[in-house]
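Throughout, a chain's letter reflects where its sequence line sits, starting with A, and its residues are numbered from 1.
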There are 2 protein chains.
Amino acid sequence: MKEKRSIILKEDELPDTWYNVIPDLPEPLPPPMDPPEGYSRVNDLPNLLVGECLKQEMTDQRWVPIPEGIQELYLAAGRPRPLYRAKNLEEKLGTPAKLFYKSEFYSPTGSHKVNTALAQAYYAKEQGFERLTTETGAGQWGNALAYAASLTGLECTVFWVRAVYRWKAERLKFMQIFGADVFASPSTQTEIGKKLYAEDPNHNGSLGIAISEGLQDAKNDPKAVYCLGSVLNHVMLHQSVIGLETKKQMEIAGEYPDVVISCLGGGSNFGGIALPWMHDVLTKKEDIKFIAAQSEVAPNLQGEYKYDFADHAEMTPMLKMYTLGHQVTMVPIKGDGLRYHGSSPILSLLRHLGFIDAIAYPADEIHVFERAREFVLAEGFLPAPESAYSVACAIDEAIKCKETNEKKTILFNVSGHGFLDMDGYAEKLGLIQPPERA
Amino acid sequence: MKEKRSIILKEDELPDTWYNVIPDLPEPLPPPMDPPEGYSRVNDLPNLLVGECLKQEMTDQRWVPIPEGIQELYLAAGRPRPLYRAKNLEEKLGTPAKLFYKSEFYSPTGSHKVNTALAQAYYAKEQGFERLTTETGAGQWGNALAYAASLTGLECTVFWVRAVYRWKAERLKFMQIFGADVFASPSTQTEIGKKLYAEDPNHNGSLGIAISEGLQDAKNDPKAVYCLGSVLNHVMLHQSVIGLETKKQMEIAGEYPDVVISCLGGGSNFGGIALPWMHDVLTKKEDIKFIAAQSEVAPNLQGEYKYDFADHAEMTPMLKMYTLGHQVTMVPIKGDGLRYHGSSPILSLLRHLGFIDAIAYPADEIHVFERAREFVLAEGFLPAPESAYSVACAIDEAIKCKETNEKKTILFNVSGHGFLDMDGYAEKLGLIQPPERA
């Protein structure tokens, strides 16, 4: 059989269940806990999250049916998405490794975030909410939720980490086209925001602070509910659609991965591509190496494994996770979606048990963007800055295979496109040209 | 059967032939001619165009095999592309019409232009050329050729209409990422450019001028060949892959279009979606209404049907086409890809014979962008400014169906995405927000 350049699934091959790794974990997942003092954040959760999502957060059902309404929304968002063999890149690298990548960059808003945004919006609408509130770092999540709100007939308010809001003017416009109400965070719309803004009107903000603002905003309005784009178990569940599709595709290609790679901030795209494969490792003793690509600015998988808050203002329950501390400050980077203090409790436990490796790339991001450019020149698709970490890690692994002459099969996720991040590329690659060169 | 929300073709359903309408035309297509005076442009064609493309330009073969190498490149570029039923939009409009749209916006560089860019680059490489030269208006074509050159290992030089070069900084960076050498046109790199630049260093430029520059540059370098992104017969041929896929998809959906719509500048995306359906009209007497959506700034289908040059400097042969005059000046618009003085000889003949209707939207583009926003809010995909004309026309037709209660099936092409055109949207929709609203 001729080796396939792309593996496309038809619309009736869209998975009709999500995969929940919790019942397959070698140890029970440590539950959310309350801090030693203060009110019960755990009891407060039903006031913060969509009911069905909260139910999914705790479920031990392995295969969770995807409601037909959400399947329809997935189709409308262009799922299933193709899997590609990076043949051109393999040739240019001269590696004996086979490289496969999943095309989450075909998303309408630019990333895999739509997979959980659509599910959360759908359930929120069912529950009678009229408005979604959220935080965003890189802007991909806020944009995905604004999109999902638009398609399901809801309003959407976004608190956007100020340091990123400043340089992503295009992304802001895109959220506005979807009708979202967007604030730079810390904002003057919430108590915690007001306090930090008063202390420093140029405050860079952080994902932790923006989460606090989104939570407070929703708490103050009974018609509103807060949605989180990463970290939590129900987000991992929704994102499993990426890996489930990919498993079907690799089977069609007649291939099985030795290595599965993606970038990891809170963990949503990493969990999405990795956990359905982790199922094989946990239940069938398959041998797959998982590598999370991170930034030295936020190497949370190299932090401490302990209970910590998910937000700056300590409004969330404490989660057992690898964390750098919920009030840590981190310098802005182009791959801003990776700049979060903690990583998903599920992925943290798996990391703790030795199932996940991690690598942290230097804060200057030069290597990452140079690798991304190699990918663009060979494959033609422009990765988002965050996805560039995944690409860089995959190329680095492929080059190692060349040195050791190992014919590994490497699977990686390209979680988003970089069309709205051209400035990041220009800056990191030094693409300077006079404004009207003739 | 449940109505389908999307129709996806698998990789082995990629068409393996292009469709050439020439043998099915009711009248012979008027050939390129030389002007009454001066050297023979017709005899000069082999020095200007890729050999295989020139052969295809004249062929009367109805089904032209797509070489395996080009099929591979089409797969790498994400073909076949899904067809979507705009169910959400239909509901919001309350129209009895069924709306289907083709997703050329999934292109790696942002538009359908890759379909002919890859073919031309492939044939140029085969013929031993090392560099491609071209013009670009909106930037989509130049970007597509830069991409195709990168994937096939060629260099690429782009002459970009200065008025557009000025406001599309992101698009310029994207071309640079692919390694293209980009000049604002009129440039100081060619005779014709130098002359016009000297007369007015702020010259807005035009597609006609940029074509002349691309032609001159290629003529001066035996290793270089010029590629044109629209108008010519071989471009219509390559783009037929859009319509051929769509025909398979509509058949799967169990639907047949009453109306086929797209925007039309030179005609490449319109021809791409329309001509394979035109085959049914010409050979099976099917009744389909074809509508070309244009701008009042460049309503070339309402111009004169006559022999005219394709470029400003009169380096091309004269083509029998609807034209506004090859040295006309046209004010810049956001949908700049529609701003060309003439339209494809094939489409012009079909227009002349009454097979194609045309509508020209006002130069302020407000209606077009407002319609595009309705599409975004319902369907979630952001059309390129040019594609917004197609969307606007489709929505206008759907609203007419509501008024007359006609259950028409309307098929339209969304030829590209607008991720690099956010400023155009912001300006036309009045999306103004303080830079750091808190």
Search all heavy atoms of B:S150 against all heavy atoms of A:K92 and return the closest pair with its distance.
O-NZ, 3.8 Å
Residue list, salt bridge (Lys or Arg N to Asp or Glu O under 4.0 Å) with B:E91, at least two apart or on another chain
none
Side chain, backbone, both or neither of A:E379 within contact of chain B (heavy atoms, under 4.5 Å)
backbone
Counting only non-hydrogen atoms closer than 4.5 Å, does A:A378 touch chain B with its backbone (N, CA, C, O), its side chain (CB onward), both, or neither?
backbone
Between B:A77 and chain A, with a heavy-atom cut-off of 4.5 Å, which part of the residue counts as in contact: side chain, backbone, both or neither?
backbone
Partners of B:D12 by side chain to side chain contact (heavy atoms under 4.5 Å, CB included), sequence neighbours excluded?
B:K10
For chain B, which of A:V114, A:L420, A:L75, A:L151 has the most heavy-atom pairs under 4.5 Å?
A:L151
For B:E104, the salt bridge (Lys or Arg N to Asp or Glu O under 4.0 Å) test, sequence neighbours excluded, returns B:R79, B:R81
Plane angle bin for A:F419 and B:H417 - parallel if under 30°, tilted between 30 and 60°, otherwise perpendicular:
tilted
Interface moiety of B:L382 toward chain A, non-hydrogen atoms closer than 4.5 Å
side chain
So which part of A:L377 gets closer than 4.5 Å to some heavy atom of chain B, the side chain, the backbone, both or neither?
both
Of the listed residues (B:F174, B:F159, B:Y84, B:F381), which shares the most heavy-atom pairs with chain A below a 4.5 Å separation?
B:F174
Rounded at 0.5 Å granularity, tell me how far OH in A:Y425 sits from CD in B:E170.
13.0 Å
Heavy-atom distance under 4.5 Å to chain A: side chain of B:Y106, backbone, both or neither?
both
Under 4.5 Å from a heavy atom of chain B, the part of A:A148 involved
neither
Heavy atoms only: give me the nearest A:P108-B:G380 pair and the separation to one decimal.
CB-O, 3.5 Å
Interface moiety of A:Y147 toward chain B, non-hydrogen atoms closer than 4.5 Å:
side chain
Positions in residues 368-375 of chain B that reach chain A, provided some heavy atom is under 4.5 Å away:
B:R373
Test side-chain contact (heavy atoms from CB on, under 4.5 Å) on A:M422 and B:I177 and set out the steps.
CA-CA 9 Å; A:M422 221 59 87; B:I177 291 172; 3.9 Å; yes
May I ask you to name which of B:G78, B:A426, B:P82, B:G179 has the most heavy-atom pairs under 4.5 Å with chain A?
B:G78
Write down the atom of A:L431, the atom of B:K173, and the distance for their closest heavy-atom approach.
CD1-O, 4.0 Å
